[in-house]
**Student:** 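Pasting in a structure now, in structure tokens, and then I'll have a few things to ask.
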Amino acid sequence: MRILSGIQPSGTLHLGNYFGMMKPAIELQEKGDAYYFIADLHALTTVRDPAALRTHGRELAVDFLACGLDPARSVFFRQSDVPTVTELAWILSTVTPMGLLERCHSFKDKTARGLGATHGLFAYPVLMAADILIYDSDLVPVGRDQKQHLEVTRDIAIKINEIYGDVFKLPEPSIREDTAIVPGLDGSKMSKSYDNTIEIFAPENVLKKKVMGIKTDSTPVESPKPVENSSILGLYKLVASESDYRSMESDFLNGGVGYGDLKKRLFGGIWEFFAGQRARREEILADSGLVNRVLDEGAIKARETADKVMTRVRKAVGL
Ligand code: ADP
Ligand code: TRP
């Protein structure tokens, strides 16, 4: 089974990215042949600073490795190191109905937030379909916000297969319901775009300040506190043991413990959860050539697989 996912180097890794996409992707490495990449071509739709794009890409690669991506098991590469993916995106775009892209939430959300309505932003799902189809992927682990893009990918693959015969496998999304939407500091979905993120590798004082800044209501210390939609509880569930989680939940239900104390406990949980990853990250950073070695090797393997599929596609469409 081929498993594939990508993540854009458009910011710093946060808890939403980790629990929504990275952790499931890392766990799936055991289940098949995994291909994971840094989606730098996609990030060009929003990042216009070349130095920032490079820095984010490098940091994201370090973080992914620190979190457990095993390059001996999985192929890890930069999207732009396989330029044929843009050729496939063009071929796919020739059968993609405008209406299919017009319905995509992500384009509507991004333009509503003030991003320029560029062709790249509009055609983003077509490039994503190419990413997935060019490696004959079976399973794509992502957070729930990417579900629609997987539907678009399947629609495009079906269209190509209808016109040209059996060219593509139909990929399935893998969305873990327990971490489909990780809440942010303000209770809405954690996202760079909402400025409500908790960065997992932030220094201790910065992380603590972030967690202490989680928005709460004005329930007095002694009163029971609402558990529905609580970011504190929602996040604690991800990092704490079952019994620690239950004990915090009963403190919410019974009252007597203030939000400040609950947040301190949450901070402790997050800090401890990532201790191993932080140590591994330091080791990776100390080996200056490691990341480039891994990504360069990954690129060679990724190109090999992509080239095979592209030979099949070119033949099928008549090029
Ligand atoms: P952001 O919303 O911060 O810009 P991205 O769109 O770059 O994050 O998301 C990268 C990956 O992380 C995607 O697979 C996405 O589904 C997942 N992801 C991001 N935020 C969350 C969240 N709050 N909950 C679950 N998954 C998330
Ligand atoms: N669009 C994805 C995101 O914003 C990143 C991505 C690009 C991706 N290509 C992909 C994810 C292919 C899975 C498969 O998170």
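Whatever order the structure lists them in is the order used to number ligands and atoms, beginning at 1.
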**Student:** List ligand 2 atoms under 4.0 Å from Phe37, heavy atoms only on the residue side.
**Tutor:**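 Going through ligand 2 atom by atom, the ones under 4.0 Å from Phe37 are 9 (N), 10 (C), 12 (C).
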**Student:** Answer with side chain, backbone, both or neither: which part of Asp145 has a heavy atom less than 4.0 angstrom from an atom of ligand 2?
**Tutor:** neither
**Student:** With atoms numbered from 1 as shown, which atoms in ligand 2 lie under 4.0 angstrom from a non-hydrogen atom of His42?
**Tutor:** 7 (C), 9 (N)
**Student:** Please say whether Ser191 places an N or O atom under 3.5 Å from an N or O atom belonging to ligand 1.
**Tutor:**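 Min N/O separation from ligand 1 is below 3.5 Å for Ser191.
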**Student:** Which residue holds the protein heavy atom closest to atom 12 (O) of ligand 1, what is that atom called, and what is the gap in Å?
**Tutor:**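 Its nearest protein heavy-atom neighbour is Asn17 ND2, 3.2 Å.
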**Student:** Any chance you could lay out the ring pair (Phe, Tyr, Trp, His ring centres under 6.0 Å) test for Tyr36 and Phe76, step after step, and finish with the verdict?
**Tutor:** CA-CA 5 Å; Tyr36 296 137; Phe76 187 34; 7.9 Å; no
**Student:** Select the closest option to atom 25 (C) of ligand 1 among Ala25, Ala180, Gly143, Pro9, judged by heavy-atom distance.
**Tutor:** Ala180
**Student:** Return yes if some donor-acceptor pair links the side-chain N/O of Glu172 with the main-chain N/O of Asp138 below 3.5 Å, else return no.
**Tutor:** no
**Student:** Are any of the N/O atoms on His149, whether in the backbone or the side chain, positioned under 3.5 angstrom from an N/O atom of ligand 2?
**Tutor:** no
**Student:** Is a donor on one side and an acceptor on the other found under 3.5 Å between the side chain of Ser137 and the backbone of Leu133?
**Tutor:**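 No, Ser137 side chain to Leu133 backbone: no donor-acceptor pair under 3.5 Å.
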**Student:** Both conditions, 6.0 Å and 45 degrees, for the charged tip of Lys159 above the ring of Phe168: are they met here?
**Tutor:** no
**Student:** Short N/O distance, under 3.5 Å, between Lys192 and ligand 1?
**Tutor:** yes
**Student:** Could you list which atoms of ligand 1 come closer than 4.0 Å to a heavy atom of Gly20?
**Tutor:**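 Result: 25 (C), 26 (N).
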**Student:** Check for me whether Arg278 meets the cation-pi criterion with Phe201, that is, NZ or CZ under 6.0 Å from the six-membered ring centre and within 45 degrees of the ring axis.
**Tutor:**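 Arg278 over Phe201 ring: no.
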**Student:** Pick one of side chain, backbone, both or neither for how Val182 approaches ligand 1, counting any non-hydrogen atom pair under 4.0 Å.
**Tutor:** both
**Student:** Compare all side-chain heavy atoms of Ile198 with those of Met190 and state whether any distance is below 4.5 angstrom.
**Tutor:** yes
**Student:** Using a strict 4.0 Å cut-off to heavy atoms of Met190, name the atoms of ligand 1 that fall inside it.
**Tutor:** 20 (N), 21 (C), 22 (C), 23 (N)
**Student:** Scan side-chain atoms only and decide if Thr197 and Glu199 contain a donor-acceptor pair under the 3.5 Å cut-off.
**Tutor:** yes
**Student:** If you measure every N/O of Gln146 against every N/O of ligand 2, is any gap under 3.5 Å?
**Tutor:** yes
**Student:** Measure the shortest side-chain to side-chain distance between Leu53 and Pro9 over non-hydrogen atoms and say whether it is less than 4.5 angstrom.
**Tutor:**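 The answer is yes; the side chains approach within 4.5 Å.
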**Student:** Test of understanding: given a 4.0 Å heavy-atom threshold, classify the contact between Thr179 and ligand 1 as side chain, backbone, both, or neither.
**Tutor:** backbone
**Student:** Hydrophobic clusters here meaning ILVMFWY residues chained together by side-chain heavy-atom distances under 4.5 Å, can you tell me if Ile132 and Ile3 are in one?
**Tutor:** no
**Student:** Among all protein heavy atoms in this structure, tell me which lies nearest to atom 13 (C) of ligand 2, with the distance rounded to 0.1 Å.
**Tutor:** Gly6 N, 3.5 Å
**Student:** What do we get for Tyr35 next to ligand 2 when only non-hydrogen atoms under 4.0 Å count, side chain, backbone, both or neither?
**Tutor:** neither
**Student:** Any idea which atoms of ligand 2 are less than 4.0 Å away from a heavy-atom of Ile132?
**Tutor:**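 This gives 12 (C), 14 (C) as the contact atoms.
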**Student:** Please report whether the ring centroid of Phe273 lies less than 6.0 Å from that of Phe19.
**Tutor:** yes
**Student:** Name the residue from Lys215, Lys263, Lys237 that meets the side-chain contact (heavy atoms from CB on, under 4.5 Å) definition with Ile232.
**Tutor:**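 Single side-chain contact (heavy atoms from CB on, under 4.5 Å) partner of Ile232 among Lys215, Lys263, Lys237: Lys263.
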**Student:** For atom 27 (C) of ligand 1, which candidate among Gly16, Ala39, Gly184 holds the nearest heavy atom?
**Tutor:** Gly16
**Student:** On the six-membered ring of Phe77, is Lys301 placed so that its NZ or CZ lies under 6.0 angstrom from the centre and within 45° of the ring axis?
**Tutor:**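 No; the conditions do not both hold, so Lys301 does not lie above the ring face of Phe77.
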**Student:** To the nearest 0.1 Å, how far is atom 16 (O) of ligand 1 from its closest protein heavy atom, and which atom is that?
**Tutor:** Asp145 OD1, 2.3 Å
**Student:** Between Tyr124 and ligand 2, does any nitrogen or oxygen pair lie at a separation below 3.5 Å?
**Tutor:** yes
**Student:** Out of all atoms in ligand 2, which are within 4.0 Å of some heavy atom of Asp131? Include the element for each.
**Tutor:**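 Listed by number with element: 7 (C), 9 (N), 10 (C), 12 (C).
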**Student:** Side chain, backbone, both or neither: which applies to His14 and ligand 1 if a contact is any heavy-atom pair less than 4.0 Å apart?
**Tutor:**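 The answer is the side chain.
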**Student:** When you measure from the side chain of Asn196 to the backbone N and O of Ser191, does any donor-acceptor pair fall under 3.5 Å?
**Tutor:**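 Yes, because the side chain of Asn196 sits within donor-acceptor range (under 3.5 Å) of the backbone of Ser191.
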**Student:** Any donor and acceptor pair, going by atom type alone, linking the side chain of Lys225 with main-chain N or O of Ser223 inside 3.5 Å?
**Tutor:** yes
**Student:** Quick one: which ligand 1 atoms are inside 4.0 Å of a heavy atom on Met21?
**Tutor:** 11 (C), 12 (O), 14 (O)
**Student:** Specify side chain, backbone, both or neither for Val140, according to which of its non-hydrogen atoms lie closer than 4.0 Å to ligand 2.
**Tutor:** side chain
